[in-house]
Amino acid sequence: MAAMHRFANPTRFVRLSSALLPWFVVAMIGFFAAGLYLGLFVSPPDYQQGDSVRIMYVHVPAATLASGVYVVMAVASAVALIWRHPLADVAAKAAAPVGAIFTLIALITGALWGQPTWGTWWVWDARLTSVLIMLFLYLGYMGLWQAFDDQRRAARAAAILALVGAVNLPIIKFSVDWWNTLHQPASILRAGGPTIHPDLLTPLGLMWGGFLCFFAAVLIIRMQREIVLQRIRALQTLQVATEMPVPQEA
Amino acid sequence: MTRATPDDSNKSFHAEDLVCIRGERLVFSGLSFEVGAGTATLLRGPNGAGKSSLLRLVAGLLRPAAGQLRWGSESVDRDREAHRRKVRYVGHLDAIKPVLSVGENLAAWAGIYGGRAADAPVASALDTMGLSGLADLPARFLSAGQRRRLNLARLLLDPGTLWLLDEPTVSLDSDSVNRLEQAIKHHLAAGGSALIATHTDLHLENAAVLALAPARPAIDADA
Amino acid sequence: MTRATPDDSNKSFHAEDLVCIRGERLVFSGLSFEVGAGTATLLRGPNGAGKSSLLRLVAGLLRPAAGQLRWGSESVDRDREAHRRKVRYVGHLDAIKPVLSVGENLAAWAGIYGGRAADAPVASALDTMGLSGLADLPARFLSAGQRRRLNLARLLLDPGTLWLLDEPTVSLDSDSVNRLEQAIKHHLAAGGSALIATHTDLHLENAAVLALAPARPAIDADA
Amino acid sequence: MREFWSLVRRDLLLARRQGGAATSVAIFFILTVTLFPLGVGPESALLGRIASGVIWVAALLATMLSLDRVYQSDLEDGSLDVIAMAPMPLELVALAKTLAHWLTTGLLLVVLSPLLGVLMQLDTAAFGPLVLAMALGTPALSLLGSIGAALTVSVRRGGVLLSLLVIPFYIPVLIFGVGAVDAAVDGISARPHLLILGAILLFSLVISPLASAAALRLNLE
Amino acid sequence: MREFWSLVRRDLLLARRQGGAATSVAIFFILTVTLFPLGVGPESALLGRIASGVIWVAALLATMLSLDRVYQSDLEDGSLDVIAMAPMPLELVALAKTLAHWLTTGLLLVVLSPLLGVLMQLDTAAFGPLVLAMALGTPALSLLGSIGAALTVSVRRGGVLLSLLVIPFYIPVLIFGVGAVDAAVDGISARPHLLILGAILLFSLVISPLASAAALRLNLE
Ligand code: HEM
Ligand SMILES: Nc1ncnc2c1ncn2[C@@H]1O[C@H](COP(=O)(O)OP(=O)(O)OP(=O)(O)O)[C@@H](O)[C@H]1O
Ligand SMILES: Nc1ncnc2c1ncn2[C@@H]1O[C@H](COP(=O)(O)OP(=O)(O)OP(=O)(O)O)[C@@H](O)[C@H]1O
Ligand SMILES: [Mg+2]
Ligand SMILES: [Mg+2]
């Protein structure tokens, strides 16, 4: 059956990725353990912010990876639309919720951080605004996937959206920066942005590595699960074919 | 812009090894058939056999999961616009705007189809389907059968080559069924062809029957 | 809350001098007829004669411009809720929610109709209309005929007294038409009655025919 | 009453299945509010001053936009015919559908309003009155909206006409809703505003089922 | 091209007949803006400061709310099947329908914006740039919106999902539209903002027909 053909390639992916997965998990645990140990116990508290500065070890990696994941998603979508590579749709679909969660973590940790440092949960700073818009883009993308029940059509719709979103993203970012410099800048933020002390840099880098491995591991798991689901659906397609009653009338 | 008249495409339409998957369920597979110029094929089969799906496939509104559609030896994919100019599809849905009058509805389609349709007298198409008295009535006042007749009148604007009709007799009274049969015969006589899904009888001489049964289609040639 | 079972209202349904005006046009006037317990009446007439309008009138969805509807000697206007409990209407439209499964669609109606319908086994109604295999399928995947069968299955939840069916055979394959005929006969045998608009043939013994022609209705009693 | 609750349950099920209608209303609410800082600029003081107005206007719009869901799709696919013939008065039908509408929109707006207060730099003292005012105001919005939705149900694409009909009735809710929040910001009691909102709610509860049912009857013909 | 203009004319005729869709958009625009003095309070200094933002947000919402008209009703009644089979590329179909949408919504917003400027106590010096910015911005709104409308066309009640998809893309138009007006209020040149708006318009003109047509194709299946 032609439909089964499409999964020859994913099969290879499953084999390869299954081999890689344990390594990512081990690396993730290692990075997180070292990063958290250094970050929480070894690195000194900030002279202004005290211990609340330690939120940074979660906040900064999550915030940087949030847009990184969108790039992964957009590239996968382009590959899916142009070359119709069966794995690309799966990758884009699997990446989106991870990216949304990173964005959400950045927002929540940022807000938790903002309360002690700026005395407010939220300011309309350009960077924060961009992150919020990024969350909307993720939610729209995931909503579109959900809105279709035919996965093939959902994949195409979502890919179109991701691409349009990707070409729009620089424009949005540019406009938000412009907007923020146009008005007098929110003063607290200018004062508050601490320059990063080298002692903090090592745990930050470790945590960043941990987040990256986390992303890779979750991506692999979600993609594998998606491939299994696709296979089940393909089997059901064939099964329905054989179970259909054969009518008598000519 | 070349126009599709029955003459310039005196080739028969072929479908080969079509596979149709909808909502991730296989509807039919390995379906092959031919609709020759000047002939009609009746599409039969129980509910859910895939008649409507097949018509949408041929219309180009659905893509087959596998298989080929050809005019003579030329694949439809080579020039989809030429294919669109040849086929005319009338589906389950009406494509009628309730806020426009009957005449305006038809005139709008005539404009959008351009070419021959744009100059086609809307009045004569309405007349052929027995709607001439209703031209100025807002379409929202139409009864079920009148709506269907208006929808069928669209075919007469610019008949193209291959008619794809999905249960065209639904809601029609016997007089209207006659008119429809006449219109189809006229189209066939002019070298056109037709693929018609129906549960009721249509009196067309020499129509082939394509019986659709999920995953096991067969063609017998009788009326 | 009293339930409408065929027994407690063993009266025939009367319409007297009905006048129907739609969109400021007279559709029919002076229409009188009777549907006795245990009998069916087929409503016939060309497109636009007013069959659908009459059914909506009887269902209480339209108000007649003049005339009376009665159960025995009691006017429908006296107790509209009792009337609603007796009639069951299946119109041109499907009343199917594409996002719910076939079973959920029917279960939702069963709940809303309360009384007997709420306890009625949805499964057996689906089975009677040949849909049992599809209970878990989302309704948006249904073909035209399957949709109609689901719509008809609603009747079987709580059959009420008088069935009002508007072209129930549309899109049905021959097997389904048989099932529908059986269901109607069963309903009549239990003392129910039916008023059925149709352009095709329904095999019901002793059905009266009410022929509707615009502004000139006539009744003949044969099959 | 069994039929009443069956109808409510059905509408809730439909809302859940239809692409997460409830979450989308929530997202629309948040999105509209975020547009304002982008429009008027990020200064906290200015935002804080217009916060109550913006939040309430967004709540109005979010409710209004979801109103067509109440009757329209049921009319279009013939379900409303079937519902209208069910053994319960049409007034009860209207009430059931309005309740389901509120549960899937207004309730969410109530829950989300503090979050939007944070985004709009609203004075924290006003959060309590904001939530209370929303809890009293949004059911009134659903009830009043139901009348408009029933009136325009048979008008194709009646969405904008619907907003025309409904906005005038929404204005009192807006004024006293904003009033309650602003009173709290200014350090005065929000009670009088909340009492008036309660009165508006009671009033809508009485007229909405009657008017909606009458409008539906008209539109079924 | 004859078919293209026929399609535009048809959509305009439909818009005119469908309960004055265009006038309703206009009235929605005006009503939304007038809600603000009610919500925020009548001080003219405050109003003047938020005027440009409020007018643009209202324009965004009015455009967005009328987007479902572009393709949805044609899909539901089967017209889109027939249109898709007409002898013109689907890209041209999308462009024609978007043009018709702009003519019945955006154009009106352009014309009405000075009136709303008066209502919101906007500095008179800014009226010119406001109209110009609207003239460049609203076509971009229609074009970008068309993509979202085409993507969600077969989704039942996709209206709110549509706004979620579209609002992020609208943000640049909002920011530079407001920027143009505010520049004029502050006495600086609005030119850079207008040029950027023009660039956004050109960009949307290129991607919108392509993306919309691709989206329509998959939704017809
Ligand atoms: C909800 C609120 C917040 C959001 C959405 C947010 C977002 C971001 C983003 C997107 C980045 C990554 C920038 C890059 O890619 O280079 C970032 C980095 C950073 N954020 Fe936040 N942030 C928030 C609150 C805060 C607060 C309250 C602080 C501390 C006062 C803070 C301190 C930092 C620091 C130190 C960095 C890394 C250094 C840098 O790149 O400048 N953030 N944040
Ligand atoms: N939009 C859709 N998405 C997914 N599956 C569909 C869709 N439409 C139809 N199907 C499925 O495809 C099969 C064929 O449907 P189709 O409408 O082609 O049948 P049909 O032969 O026209 O039946 P009928 O005589 O009832 O009109 C059915 O089993 C149906 O469940
Ligand atoms: N909603 C409406 N508003 C105004 N007039 C209508 C409406 N619906 C139908 N009509 C008119 O009423 C007349 C009767 O329509 P009706 O639908 O009852 O006919 P019918 O006998 O059911 O026809 P068919 O066999 O085509 O279904 C028609 O002439 C039609 O123009
Ligand atoms: Mg069919
Ligand atoms: Mg009828």
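In what follows, chains are A, B, ... by sequence order, proteins preceding strands, each numbered from 1. Side-chain atoms are counted along with the backbone in the values below, which use heavy atoms only and exclude waters and symmetry mates.
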- Message: Using 0.5 Å steps for rounding, measure from the CZ atom of A/Phe136 to the CD1 atom of E/Ile167.
- Response: 8.0 Å
- Once you round to the nearest 0.5 Å, how far does CD1 of E/Ile175 lie from OG1 of A/Thr129? 8.0 Å
- Heaviest contributor of heavy-atom pairs below 4.5 Å to chain E, chosen from A/Ala158, A/Gly165, A/Ala157, is A/Ala157
- Query: For A/Ile160, is it the side chain, the backbone, both or neither that has a heavy atom under 4.5 Å from a heavy atom of chain E?
  - Reply: side chain
- Query: Would you call E/Ile171 and A/Trp179 a side-chain contact if the rule is heavy atoms closer than 4.5 Å?
  - Reply: no
- Message: Contact between A/Leu137 and E/Phe169 at the side-chain level, heavy atoms closer than 4.5 Å - yes or no?
- Response: yes
Over all heavy atoms of both residues, which pair between [X] and [Y] is shortest? Give the atoms and the distance, please.
X	Y	answer
E/Arg217	A/Arg156	C-NH2, 4.4 Å
A/Ser175	E/Pro172	OG-CA, 3.6 Å
E/Pro168	A/Ile172	O-CD1, 3.3 Å

Residue part contacting chain A, namely of [X], when any heavy atom lies under 4.5 Å:
X	answer
E/Leu218	both
E/Asn219	both
E/Leu174	neither
E/Ile207	side chain

- Task: Output every pair passing side chain to side chain donor-acceptor pair (under 3.5 Å) with a member in residues 70-92 of chain A, not counting sequence neighbours, ordered by first then second residue.
- Result: A/Asn9-A/His85
- Whether over 12 other heavy atoms sit under 6.0 Å from A/Phe214 CZ: no
